[in-house]
Amino acid sequence: MDKRPIVGITMGDPAGNGPELTVKALTHREVYDWCRPLVIGDGRVLEAAVAIAGAAGWTVRPVERVEDARFQFGTIDVYHQDLVEMDKLEYGKVSPMCGRAAFLSVRTAIALAMEGKIDGTCTNALNKEAMNLALAPQGMHFDGHTEIYAHYTHTDKYTMMLVHHDLRVVHVSTHCSLREACDRVKRQRVLDVIRIAHGACREFGIAAPRVGVAGLNPHAGENGLFGREELEEIAPAVAAAREEGIQAEGPLPPDSLFPKALGGWYDVVVAMYHDQGHIPLKTVGFVYDRDKKQWKAVEGVNITLGLPIVRTSVDHGTGFDQAGKGTSSEASLVNAIQYAARMSLHRRERMEDGGEPG
């Protein structure tokens with residue numbers, strides 16, 4: 001019996017670099033050692049991506065059922081859906097057609113995972129503008145992947161984790177205005193995120209995770225001098241977590257917390273809002289070669305925690321400026337697939353032992 005988990009990989013926005021990154025990632029033989037990869041999207045888009053990526057000898061094999069996939073190195077199994085009119089596809093352009101295709105690929109991946117037909121999911125980037133242009137006529141709107149997953153899995157308590165090697169960051173809020181993000185810093189939400197962060201680290205094999213909790217205001221509020229959120233919301237949440245046995249510390253000034261996390265003081269950082277967490281991680285994960293005028297590293301994994309299914313993702317956008325050129329780095333996607341495989345195996349083992357899947 002093949003014990004490798006089946007990981008569904010969404011193709012991302014067809015006008016972006018997701019399809020070609022998928023092809024490049026699957027040319028890494030170790031990916032097939034970790035899992036049985038199944039691309040979810042339009043097979044014709046992947047056929048075009050094979051040529052763009054320069055994957056000579058690779059073939060795309062559309063399937064209508066997961067059971068029909070072969071998972072053989074050299075062949076890309078695609079859970080095929082007719083989503084894209086290829087003669088209308090323009091790389092690097094915002095398109096409702098492509099936004100719809102990316103959204104439906106994600107929705108299909110979620111459904112397959114919820115039905116137990118695949119073990120985990122890994123998403124390429126979608127373009128939020130394109131997606132919402134497509135969804136607007138139906139009266140629908142999503143801020144991003146995280147919210148799509150929460151909606152279709154009926155999940156209330158969830159958060160985003162970014163990972164680059166040993167630096168892990170989770171967020172109290174993500175896709176909202178900075179004004180709203182400040183209003184979302186509430187004791188219960190902060191406590192929920194600390195719990196989720198602690199549980200995720202345990203899932204990664206860290207026996208006693210150390211959780212560093214950032215403050216919201218400069219200098220973590222300076223005892224109320226620059227704001228009272230630390231005193232009234234964050235500190236009580238940290239205290240409650242410690243009473244539960246979680247090794248949490250904070251609120252701490254973010255500008256010193258992140259260097260300490262990089263130095264190994266903490267296993268995970270709880271950030272209060274989107275950019276507070278994203279900027280430090282991308283500063284170390286995204287490396288631009290100024291002499292060659294190109295990115296030499298675009299690393300990092302985005303993981304949605306608190307869901308009943310596994311979801312990891314690349315930690316970058318659709319790369320419209322590079323789409324169709326075959327020059328994009330697949331490092332982030334390879335890392336994301338590895339995490340999806342690892343988390344899927346962990347959940348399976350927990351269920352076999354009689355525990356909860358999460």
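Predicted model only: the values in this text are computed from it and were never measured.
When the shell of 6.0 Å around CG of Asp143 is examined, it contains more than 12 heavy atoms from other residues, nucleotides or ligands. Counted within 6.0 Å of CD on Glu85, heavy atoms from surrounding residues, nucleotides or ligands total 12 or fewer; the atom is thus considered open. Few gaps surround CD on Glu30; more than 12 heavy atoms of other groups in view lie less than 6.0 Å from it.
No donor-acceptor pair under 3.5 Å is formed between the side chain of Glu230 and the backbone N or O of Pro251. For Glu147 (side chain) and Gly144 (main-chain N/O), a donor-acceptor pair under 3.5 Å exists by modelled atom type. Between the side chain of Glu20 and the backbone N or O of Gly324, at least one donor-acceptor pair lies under 3.5 Å. Proximity of a side-chain donor or acceptor of Asn132 to a complementary backbone N or O of Leu135 within less than 3.5 Å is not detected. A side-chain donor-acceptor contact under 3.5 Å links Gln276 to the backbone of Met272. Distance alone, capped at 3.5 Å, is enough to place a donor-acceptor pair between the Asp42 side chain and the Leu83 backbone. Not one N or O on the side chain of Lys88 forms a donor-acceptor pair closer than 3.5 Å with the backbone of Val84. No donor-acceptor pair closer than 3.5 Å links the side chain of Glu330 to the backbone N or O of Ala25. A donor-acceptor contact shorter than 3.5 Å links the side chain of Ser329 to the backbone of Ala331. In this structure, Lys24 contributes its side chain and Ser328 its backbone to a donor-acceptor pair below 3.5 Å.
Taking every heavy atom of both residues into account, Ala340 and Thr312 meet most closely at CB-OG1, 3.5 Å. In plain terms, the two heavy atoms of Leu126 and Ala102 that are nearest each other are CB-CB, 3.9 Å. Annotation for Ile234 and Leu216: closest pair CD1-N, 3.8 Å, computed over non-hydrogen atoms. Minimum interatomic distance between Ala271 and Val169 (heavy atoms only, all atoms of both residues): CB-CG1, 3.9 Å. Nearest heavy-atom pair, Val314 versus Ala125, reported as atom, atom and distance to 0.1 Å: CG2-N, 3.8 Å.
Checked by atom type, the side-chain pair Arg311/Thr123 shows a donor-acceptor distance below 3.5 Å. Judged by distance alone, the side chains of Ser105 and Thr10 never bring a donor and an acceptor atom under 3.5 Å apart. A side-chain N or O of Thr22 and one of Asn124 form a donor-acceptor pair less than 3.5 Å apart.
Among residues at least two apart or in separate chains, salt bridge (charged side-chain N to carboxylate O under 4.0 Å, His left out) pairs with a member in residues 117-138 are Glu115-Lys117, Asp119-Arg348. Applying the ring-ring contact (aromatic ring centres under 6.0 Å, His included) test to pairs two or more places apart or on separate chains, those with a residue in residues 166-187 are His171-His278, His175-His274. Residue pairs meeting the ring-ring contact (aromatic ring centres under 6.0 Å, His included) criterion with at least one member in residues 75-110, sequence neighbours excluded, are Phe103-Phe142. Pairs engaging residues 226-254 under the ring-ring contact (aromatic ring centres under 6.0 Å, His included) rule: His219-Phe226 [sequence neighbours left out]. The salt bridge (charged side-chain N to carboxylate O under 4.0 Å, His left out) analysis of residues 239-266, with sequence neighbours excluded, yields the pairs Arg195-Glu244.
Shown are Ile303, Thr304, Val106, Asn302; of these, the side chain to side chain contact (heavy atoms under 4.5 Å, CB included) with Ser313 is made only by Asn302. Evaluated for a side chain to side chain contact (heavy atoms under 4.5 Å, CB included) with His28, the options Ile337, Asp33, Leu333, Val334 yield exactly one hit, Val334.
Judged as a side-chain contact (heavy atoms from CB on, under 4.5 Å), and not counting sequence neighbours, the contacts of Arg4 are Asp2, Tyr32, Arg36, Phe71.
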Exercise. Where do Asp82 and Arg44 land on the side-chain contact (heavy atoms from CB on, under 4.5 Å) test, with the steps shown first?
Worked result: CA-CA 9 Å; Asp82 290 319; Arg44 295 161 300 187; 3.5 Å; yes
For this session: Start with the C-alpha gap between Phe73 and Trp58, add the side-chain angles, then the distance that decides, and say whether ring-ring contact (aromatic ring centres under 6.0 Å, His included) holds.
Result: CA-CA 9 Å; Phe73 185 74; Trp58 279 71; 5.0 Å; yes
Problem set entry | Check against side-chain contact (heavy atoms from CB on, under 4.5 Å), Met86 and Leu89 | CA-CA 5 Å; Met86 294 301 292; Leu89 174 59; 4.0 Å; yes
For this session: Could you give me the CA-CA distance, side-chain angles and deciding distance for Leu38 and Val63, then say whether side-chain contact (heavy atoms from CB on, under 4.5 Å) is met?
Result: CA-CA 10 Å; Leu38 177 66; Val63 299; 4.2 Å; yes
For this session: Apply the test side-chain contact (heavy atoms from CB on, under 4.5 Å) to residues Val310 and Thr121: give CA-CA distance (whole Å), side-chain angles for both, the deciding distance (0.1 Å), then the verdict.
Result: CA-CA 6 Å; Val310 170; Thr121 69; 5.7 Å; no
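Taken from CD1 in Ile279 to CG in Leu162, the straight-line distance is 11.5 Å, to the nearest 0.5 Å. Atoms NZ and CG, on Lys157 and Leu307 in that order, are 14.5 Å from each other to the nearest 0.5 Å. The CE atom of Met114 sits 11.5 Å away from atom OH of Tyr149, with the distance rounded to the nearest 0.5 Å.
A 4.5 Å side-chain heavy-atom check between Leu262 and Val284 finds at least one atom pair inside the cut-off. When side chains are defined from C-beta on, Val78 does not count as touching Glu47, because their heavy atoms never get closer than 4.5 Å. Residues Val238 and Ile194 form a side-chain contact, since some pair of their non-hydrogen atoms from C-beta on lies under 4.5 Å apart.
In this structure, Trp34 has its ring center no closer than 6.0 Å to that of Tyr339.
By the 4.0 Å N-to-carboxylate-O rule, Glu180 lies close enough to Arg184 to be salt-bridged with it. For the pair Arg347 and Glu203, the salt-bridge criterion is met [side-chain N within less than 4.0 Å of a carboxylate O]. Ion pairing of Asp68 with Arg65 is present here, as a side-chain N (NZ or NE/NH1/NH2) and a carboxylate O approach within less than 4.0 Å. Here Arg179 pairs with Asp183 in a salt bridge; the nearest charged N to carboxylate O distance falls below 4.0 Å.
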